[in-house]
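Every chain is numbered from 1 and lettered A, B, ... according to where its sequence line falls, protein lines coming before strand lines.
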Amino acid sequence: MLNPIRKVIPIQAVDELGTSLYAATPKIYPRSVQGRFAHWRWVLVWLTQLVFYGLPWLEWGQRQAVLFDLGARRFYVFGLVLYPQDLIYLTALLVISALSLFLFTAVAGRLWCGYACPQTVYSEIFMWIERKIEGDRSARMRLDAGEFNLERLVKKWCKHILWLVLAMWTGFTFVGYFTPIKFLGLEFLQTRMTSWEVFWVFFYGFATYGNAGFMREQVCKYMCPYARFQSAMFDADTLIVTYDVKRGEPRGRHTKMAVELRSTGDCIDCSLCVQVCPTGIDIRQGLQYECIGCGACADVCDTVMDKVGSSRGLVRYATQNAIQKGWGSAQIWRRVLRWRVGIYTGVLLALVIGLGVSLALRSPFRVDIVRDRTTLSRITEYGTLQNVYRLQIMNATEHSSDYQVSVRGLYGIELRDKDPIHVEAAQARWVVVHVDVPYGSGETGSHKIWFDIDDPHNGTKVVEASVFLIPR
Amino acid sequence: MSDFVHSFWSHYIAWITLAGILACVVLLWLTSRKKLAGSADNTTGHVWDEDLREMNNPLPLWWVGMFVITIVFALFYLILYPGLGSSEGSLSWTSEKQYQQEVDQANADVAPLYARFDAMAAEQVALDPKARHIGEHLFLNNCAQCHASDARGTKGFPNLTDGDWLYGGSPEQIRTSITQGRQGHMPPMAAAVGAPDDVKNLAHHVLSLSGSPHDSLRAALGKGKFGACAACHGADAKGNQALGAPNLTDKVWLHGWGEEAIVAMVTQGKLNQMPAQEGRLTPSQIHVLSAYVWGLSQPATQKP
């Protein structure tokens, strides 16, 4: 029992296998870590989770501020009322998200993975609960290796109950984006949630519980597609967590000797960097695909370096070029300005501006015009030629409106139905309208005409094209 | 399922499917027993692009568990659902049944909405704003394809707003038209009328009945020939709603106006059909829809 911890450093266990095609994955017991990067991770945990758990509770006028009403096919985002026809905005948002990831990754590696990804964030919260109940790494390992007793039973039960409560709350919050969350809470209290609501709460709750409690680094290593393809965005100037081999090697325990006379490098081989690693790798072996760039090893190494009196940064964020050529941070910063980064930034900026402008200029209502296909054209009792159209007016505002429709494009063309069309807030309505032209106002065939739809409420106007058929 | 001409094909597919699943099991079993000779650096020895090496990392065991789950899932699926050749599966599930279930469910969901109207007379339903709203939607989805969105029809498809009815305009008669459909049949009558010139004369007589422009000489000559038409259209030419024979004395010309159109109708006849909606719509829906259609020609309901 001299040093039980060192015997089970997982990476070595994996290395020694390699004879079988399948292997049980050793459980990883990450040691808790304090430091700059851990601090930033907690800042992002708070930030992302305050938004996620808090947003559904915000009110906007008479409704939930952010609500995706799939049943009614209306999507409310603060002042915006979106229709399924506005899918392009979701597309733009996803493209922007993807490009932001490209940009962050090109500049600073797996920044998203290490700090903001839900997998990391929830694992961090779950590990915090685990630590509060079972203790830190060595205590947890002892608990798992020890005999099955009451203490272990109580601790495990407490942990799983807390995990499940948090996981179910997460599932509940998620469903709260699709069903008004206050109503959902009321339904829960009265035990009359619908079966689908229960299903999805449990589905997302179970996914949170499983991924953050058990799967953890396995998700990053074997499931996450982004983790795999982001290596395509890496280059020699991308910030990665690196071990400064020149400074560290040969590693070994420091003797009480002056630095100049020591035969060993700065690394004292304390193995703390391996113990804190959430994916169980040894960063000193260089960049590995398992590394999620969380900087835990850099944090812990800094505290060790402080203790032994060496300068910080034996394990640090640096680029491949910087480590090989011994660059300082100024040179690393200079290399941020490179083509790849410039192009990502440019495309990203263009898209963000495009989305912003498009949203700002978005018409508060939409119109769809469908010409009746059965009645090509008919002669009315007034001696005019008539075509029939169906107008769908989609009101994307929070107030009802009376839309004024007019038509142009042919000589003497006239809309027979002159009454304004009343559409309730956030509703769509189909109305049938008749368009007449005097006999002989155009040649036989199809003529392009335009409907002008005015919303007097806010002075906006939508122009929609259609055709008028004049028969032989 | 009768998709196969011979039961051989059903067995052929079933056995290939089962053999495929079995092959997956065998593959998993064989690979789990296989041991690779471990190399010192834990690589397979393959090198690409000078320094790209393939690591020999074992798959995690939970992945094997997932693989087993998919196999078990496949077997259960094939037991429960159709998939093994022409096997129906123990649930005898079909997409058609599921569709019918969903339709029944949807009808049951809206039943309370219609319950109020079921108890009301059609004349009252026609005045109810909510029923009219529902009726409008039913009309646009089910009737507008032929009768046009504004119900004014087009050539061959009657105008439902003008108060002129082939089979009667009471809500009850409209309901029958919608439920059972209608078969309008004008037989070719040229042989009974006489020579082509007689038909032309008859056409002018028919035009004269509604005061439409006509050749009065020909009309007078054709008058005697109307006997052939009177059996259905009546001696006064006012039509017969029991047969769906149109009134010839008004200005409604469903299949076209003028000498040419009438001559064509008398010579060739016409078969016109309104399809039955029974089975497509529920009785409650037809009740609301017939009230709505009846209301279209009632001035009292057309004021908002």
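- In the displayed structure, A:Q392 atom CD is contacted under 6.0 Å by more than 12 heavy atoms of other residues, nucleotides or ligands.
- Top candidate by heavy-atom pairs under 4.5 Å with chain B, chosen from A:V433, A:D372, A:V370, is A:D372.
- Here B:D150 pairs with A:R378 in a salt bridge; the nearest charged N to carboxylate O distance falls below 4.0 Å.
- The number of heavy-atom neighbours closer than 6.0 Å to NZ of B:K97, taken from other residues, nucleotides and ligands shown, is above 12.
- Between chain A and the residues B:A148, B:S149, B:S32, B:G153, the most heavy-atom pairs under 4.5 angstrom are made by B:S149.
- Taken to the nearest 0.5 Å, the CH2 atom of A:W430 stands 11.5 Å off from the CD atom of B:E136.
- Applying the 6.0 Å contact sphere to CH2 of B:W29 captures no more than 12 heavy atoms from other residues, nucleotides or ligands.
- Contact check for B:T154 versus A:V388: no side-chain heavy atoms found under the 4.5 Å cut-off.
- Distance CG/A:L21 to CH2/B:W63: 10.0 Å, rounded to 0.5 Å.
- For A:F214, no part sits under 4.5 Å from any heavy atom of chain B, backbone or side chain.
- Note: B:R152 CZ to A:T380 OG1 = 9.0 Å, rounded to the nearest 0.5 Å.
- Residue A:Y289 places its OH atom among more than 12 non-hydrogen atoms of other residues, nucleotides or ligands, all under 6.0 Å distant.
- For CZ of A:R228, the number of neighbouring non-hydrogen atoms (other residues, nucleotides, ligands) closer than 6.0 Å is greater than 12.
- Here OH of A:Y22 is found 6.5 Å from CG of B:L59. Values are rounded to the nearest 0.5 Å.
- Taking a 6.0 Å sphere around CE of A:M223, one finds it holds more than 12 heavy atoms contributed by other residues, nucleotides or ligands.
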